[in-house]
Amino acid sequence: SFQGTKAESGGAEAFVADYGLTAKLVAETGVQIFETNLSCPNEGTANLVCFDIDTSEKIVEAIRREIGDKPLILKLAYFADQTHLRNFVSRLGPLVQGLSTINTIAAPVVTKTGEQALPGEGRLRSGVCGAAIRWAGLEMVERLKELRTELGQTFSIIGVGGVTEPADYDAYRAAGADAVMSATGAMWHADLAQQIWLQNLKGV
């Protein structure tokens, strides 16, 4: 999994080019599946890359020039507007093998007394993860599944967001995810994947 970095100078072209360069470096490691992050909330802007369909398409083209036809997955944020999501999937879905969703959701993070919880300038709004965003991940999976059928596409759907216990894995699969990933949940429960495997092995 990788992403490009915005330079202090160079603008949009340099940003797209950095995705291509990063893909080239990742490819040199010999990996066979690539996931590029179009939804990082730490870019310092409210307009995540995945919300800019034109730029996202240019990024995919730059990556494709480096990795050829190897499997490429795009990591997406939560799309509030269905028409916007449909336009994204219509244009980008045919170019990749998978869509992974969601990333964290940016929101003000405060203490119980209303003070900024995370120290540092510009850190009032931060990416919220874990169980609090599970609803959004499940909703996006359902919407992507519907769009995949509607548009006659074949990309795989990877559900992520708030997977903290085995039941969450089952919920994502029921929503239409072909695969499920966990980040925060797995950090707190290192044996989460084993628990899910054992549950499904027993058919519980």
Side-chain angles (χ1 to χ4, degrees), residues 1-3 33-51 56 71-82 84-86 88-89 92-93 96-112 114 116-118 123-149 155-204:
S1 185
F2 67 94
Q3 70 182 75
I33 300 175
F34 299 75
E35 179 192 70
T36 195
N37 190 353
L38 301 180
S39 56
C40 179
N42 299 320
E43 287 293 324
T45 173
N47 188 29
L48 302 177
V49 182
C50 60
F51 297 153
S56 295
L72 175 61
I73 299 165
L74 305 181
K75 186 164 188 181
L76 309 182
Y78 176 78
F79 279 67
D81 184 82
Q82 182 67 7
H84 193 182
L85 179 61
R86 189 184 189 283
F88 182 96
V89 174
L92 278 296
V96 299
Q97 283 68 46
L99 297 177
S100 174
T101 188
I102 62 171
N103 207 320
T104 59
I105 295 179
V109 180
V110 298
T111 66
K112 62 182 179 180
Q116 180 175 327
L118 301 176
R123 296 206 66 197
L124 172 61
R125 289 182 62 84
S126 298
V128 176
C129 54
I133 66 168
R134 185 186 305 116
W135 67 270
L138 289 168
E139 181 189 306
M140 278 288 288
V141 166
E142 292 172 349
R143 291 160 65 193
L144 286 176
K145 181 182 178 182
E146 291 173 359
L147 287 171
R148 181 174 63 185
T149 300
F155 58 83
S156 295
I157 300 170
I158 301 171
V160 57
V163 180
T164 61
E165 56 186 52
D168 300 328
Y169 168 87
D170 295 334
Y172 268 98
R173 293 285 285 161
D178 300 295
V180 182
M181 297 194 331
S182 176
T184 306
M187 285 190 283
W188 286 100
H189 305 287
D191 62 344
L192 178 59
Q194 184 184 42
Q195 290 177 13
I196 294 169
W197 179 77
L198 288 172
Q199 173 181 282
N200 284 273
L201 184 67
K202 296 175 181 177
V204 176

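Since we're looking at a predicted model, the values are computed, not measured. Counting begins at 1 with the first residue of the sequence.
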Could you tell me which non-hydrogen atom of Ile196 sits nearest to which non-hydrogen atom of Pro166, and how far apart they are? CG1-CA, 3.7 Å
Might you point out which heavy atoms bring Asn103 and Ile133 nearest each other, and give the distance in Å? O-CD1, 3.8 Å
Evaluate side chain to side chain donor-acceptor pair (under 3.5 Å) for Gln116 paired with Arg123, printing each intermediate quantity in order. CA-CA 8 Å; Gln116 180 175 327; Arg123 296 206 66 197; over 6 Å; no
Ring pair (Phe, Tyr, Trp, His ring centres under 6.0 Å) involving Phe88 - partner list, sequence neighbours excluded: Phe79
Would a 4.5 Å heavy-atom cut-off, applied to side chains only, mark Val163 and Met181 as touching? no
Taken in chain and number order and not counting sequence neighbours, the residues that satisfy side chain to side chain donor-acceptor pair (under 3.5 Å) with Ser1 are Glu35
Say you draw a straight line from CG of Leu144 to OG of Ser156; how long is it, rounded to the nearest 0.5 Å? 11.5 Å
Answer whether the closest heavy-atom distance between the side chains of Glu139 and Ile102 falls below 4.5 Å. no
Is there a side-chain contact between Ile73 and Ile33 in this structure, where contact means two heavy atoms from C-beta onward sitting under 4.5 Å apart? yes
With side chains defined as the heavy atoms from C-beta onward, is the minimum distance between Arg125 and Val109 less than 4.5 Å? no
Is it true that a side-chain atom of Ser39 and a backbone atom of Lys75 form a donor plus acceptor pair closer than 3.5 Å? yes
Are Arg148 and Asp178 ion-paired here, with the side-chain N under 4.0 Å from a carboxylate O? yes
Taking side chain to side chain donor-acceptor pair (under 3.5 Å) as the test, write out the residues that go with Asp191, two or more places apart. Gln195
Ile157 vs Val141, test: side-chain contact (heavy atoms from CB on, under 4.5 Å). Steps then yes/no. CA-CA 7 Å; Ile157 300 170; Val141 166; 4.1 Å; yes
Ring pair (Phe, Tyr, Trp, His ring centres under 6.0 Å) filter on Tyr78, not counting sequence neighbours, yields Trp135
Closest heavy-atom pair and its distance - Leu76, Cys50: CD2-CB, 4.0 Å
Residues in side chain to side chain donor-acceptor pair (under 3.5 Å) contact with Thr111, at least two apart in sequence or another chain: Thr113
Min side-chain heavy-atom separation Tyr169-Asn200 under 4.5 Å: yes
Between Tyr172 (side chain) and Val160 (backbone), is there a donor-acceptor pair under 3.5 Å? yes
When rounded to the nearest 0.5 angstrom, what is the spacing between CG in Asp168 and CG in Leu138? 7.5 Å
Test your reading of the model: is there a side-chain donor-acceptor pair from Thr101 to the backbone of Met140, 3.5 Å cut-off? no
Do you know which two heavy atoms are closest between Ile105 and Ala136, and how far apart they sit? CD1-CB, 3.8 Å
Taking C-beta and beyond as the side chain, do Val96 and Leu72 meet within less than 4.5 Å on heavy atoms? yes
CD-CG distance between Glu146 and Leu85, expressed to the nearest 0.5 angstrom: 10.0 Å
Would you confirm whether His189, through its side chain, and Glu165, through its main-chain N or O, come within 3.5 Å as a donor-acceptor pair? no
Verify, without hydrogens or angle tests, whether Thr36 (side chain) and Phe2 (backbone) share a donor-acceptor contact under 3.5 angstrom. yes
Is there a side-chain contact between Thr104 and Val128, using heavy atoms and a 4.5 Å cut-off? no
Give the minimum heavy-atom separation between Leu48 and Ala77, together with the two atoms involved. CD1-CB, 3.5 Å
Can you tell if the side chain of Val49 reaches within under 4.5 Å of the side chain of Phe51, non-hydrogen atoms only? no
Which residues pass the side chain to side chain donor-acceptor pair (under 3.5 Å) test with Gln97, not counting sequence neighbours? Arg64
